[in-house]
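Supplied in C-alpha cells, the structure appears directly below.
In this chain, numbering begins with 1 at the start of the sequence shown.
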Amino acid sequence: MVGEYAVVFGYPGIALPADNRINISFTESQKNESSTIVWNDDTTNDHWREYAKKVAKLIEEKTGVHGTHEIKNNIPLGRGMGSSTAIVIAMTRASVGDDEKTAKDIEDTINPGNSGLDFAVIWNEKPVLFKKGEIPTFIDLPNDLLKNATLIDTGARSESTLELVAWVK
C-alpha cells in the first residue's frame, strides 16, 4: 500500500487485496505444550520464525488452543505488503476459525500503532476505503485496475513499523 502510514494520522486510504497468500494448516495438540511452527521453506529468517512463535503464544494465551502451525507462504516478508498482519490473520483463522476479535487483539498487541488498514483489507479480502477510527467502506474497483502496474521491491527494511511511523510523523 502506498502512503499507508498517512492512515495512521487520520487520512483516508484505499487498499486492495494482493494475489499473494499465506496458507496455514493447523493441527491441534491435546497436550499442554507450546505450539510448533513449521515453515514450508528454509529461506525464512529467524525474525519471521520468532514472530510466528509470538503469534502462536498469543493465540494460546487468548484461546487456550495450541498445536502445530504449518506455514506455506508466497508473500514477500517485511516489504510493506501486510505480511505481518497476514500471518496473524492466517494463524488465527487456522487455529480458532473466523474469530475477528481475537485476531484484531493479537494484531494490536504484536503490531502496536498499526493503522488498521492492513487488517481490514486482509481480513475481508476486498478493496477498502479506510479511515482510522471509522468503519471500513468496501468499494468496487475495476478488475483490471492494476493491469499495467509495476510493483517495485525496494528491499526489506531494518526498522520496525513503529519506528517508521514515528519517522513519518
Test Lys101 against Lys62 for side chain to side chain contact (heavy atoms under 4.5 Å, CB included), laying out the working first.
-> CA-CA 11 Å; Lys101 182 185 180 326; Lys62 293 180 182 298; over 6 Å; no

Start with the C-alpha distance between Tyr51 and Ile110, add both sets of side-chain angles, then the distance that settles side chain to side chain contact (heavy atoms under 4.5 Å, CB included), and finish with yes or no.
-> CA-CA 9 Å; Tyr51 181 84; Ile110 203 160; 3.6 Å; yes

Who are the side-chain hydrogen bond (donor to acceptor under 3.5 Å, both in side chains) partners of Lys31, not counting sequence neighbours?
->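 Per chain and number, Lys31 pairs via side-chain hydrogen bond (donor to acceptor under 3.5 Å, both in side chains) with no residue.
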
Taking only residues two or more places apart in sequence or in another chain, which ones pass side chain to side chain contact (heavy atoms under 4.5 Å, CB included) with Tyr11?
->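 With sequence neighbours excluded, Tyr11 shows a side chain to side chain contact (heavy atoms under 4.5 Å, CB included) to Ala6, Phe9, given in chain and number order.
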
What pairs of residues pass the ring pair (Phe, Tyr, Trp, His ring centres under 6.0 Å) test when at least one of them lies in residues 93-128, not counting sequence neighbours?
->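 Every pair satisfying ring pair (Phe, Tyr, Trp, His ring centres under 6.0 Å) with a residue in residues 93-128: Phe119-Trp123.
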
Residues which pass side-chain hydrogen bond (donor to acceptor under 3.5 Å, both in side chains) with Thr85, listed by chain and number, not counting sequence neighbours =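 side-chain hydrogen bond (donor to acceptor under 3.5 Å, both in side chains) check on Thr85 returns Glu107.
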
Name all residues meeting the salt bridge (charged side-chain N to carboxylate O under 4.0 Å, His left out) criterion together with Lys54; count only those two or more places apart in sequence or in a different chain, and write none if there are none.
->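 Lys54: no salt bridge (charged side-chain N to carboxylate O under 4.0 Å, His left out) contacts found.
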
What's the shortest heavy-atom distance between Pro12 and Val7, and which atoms?
->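 So the minimum-distance heavy-atom pair works out to C-CG2, 4.2 Å.
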
Enter the distance from Thr36:OG1 to Glu70:CD here, rounded to the nearest 0.5 Å.
->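 Here the interatomic distance stands at 11.5 Å.
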
Results of salt bridge (charged side-chain N to carboxylate O under 4.0 Å, His left out) for Glu61 - residues two or more places apart only |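 Here the qualifying residues are Lys57.
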
Would a 4.5 Å heavy-atom cut-off, applied to side chains only, mark Ile87 and Trp48 as touching?
->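 They are in side-chain contact.
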
For Lys104, all residues meeting salt bridge (charged side-chain N to carboxylate O under 4.0 Å, His left out), sequence neighbours excluded |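 Here the qualifying residues are Asp108.
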
Considering non-hydrogen atoms only, spot the tightest contact between Phe130 and Gly116 and give its length.
->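 Reported closest heavy-atom pair: CZ-C, 3.5 Å.
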
All salt bridge (charged side-chain N to carboxylate O under 4.0 Å, His left out) counterparts of Asp46, not counting sequence neighbours =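 With neighbours one apart ignored, the set is empty.
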
Taking only residues two or more places apart in sequence or in another chain, which ones pass side-chain hydrogen bond (donor to acceptor under 3.5 Å, both in side chains) with Asp99?
->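 Expected list: Thr102.
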
Who passes side-chain hydrogen bond (donor to acceptor under 3.5 Å, both in side chains) against Glu134, sequence neighbours left out?
->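 None.
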
Side-chain (His69) to main-chain (Gly67) donor-acceptor, under 3.5 angstrom |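 No; judged by distance alone, with no hydrogens or angles, the pair does not exist.
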
Which heavy-atom pair separates Pro17 from Val121 by the least distance, and what is that distance?
->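 In terms of heavy atoms, the two residues are closest at N-CG2, 3.5 Å.
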
Contacts of Asn148 that satisfy side chain to side chain contact (heavy atoms under 4.5 Å, CB included) - sequence neighbours left out =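 Partners of Asn148 by the side chain to side chain contact (heavy atoms under 4.5 Å, CB included) criterion come out as none, since no residue qualifies.
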
Any side-chain heavy-atom pair from Asp98 and Arg93 closer than 4.5 angstrom?
->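 Yes, close enough: below the 4.5 Å cut-off.
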
Near Leu145 CG, under 6.0 Å, is it more than 12 heavy atoms from other residues, nucleotides or ligands?
->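 For Leu145, atom CG is crowded (more than 12 foreign heavy atoms under 6.0 Å).
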
Are more than 12 heavy atoms from other residues, nucleotides or ligands located less than 6.0 Å from atom CG of Asp140?
->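 For Asp140, atom CG is not crowded (no more than 12 foreign heavy atoms under 6.0 Å).
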
Locate the shortest heavy-atom distance separating Ala86 from Ile22; write the atom from each residue and the value.
->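 Closest approach of Ala86 to Ile22: O-CG2, 3.6 Å.
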
Looking only at heavy atoms, what is the nearest atom pair of Ala120 and Phe138, with distance?
->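 Nearest pair, atom of Ala120 first, then Phe138: O-CE2, 4.4 Å.
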
So, does Asn45 use its side chain to make a donor-acceptor pair with the main chain of His47 at under 3.5 Å?
->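 Yes, because the side chain of Asn45 sits within donor-acceptor range (under 3.5 Å) of the backbone of His47.
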
For Asn40, which residues count as a side chain to side chain contact (heavy atoms under 4.5 Å, CB included) partner, sequence neighbours excluded?
->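 Checked Asn40 against side chain to side chain contact (heavy atoms under 4.5 Å, CB included); matches are Lys72.
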
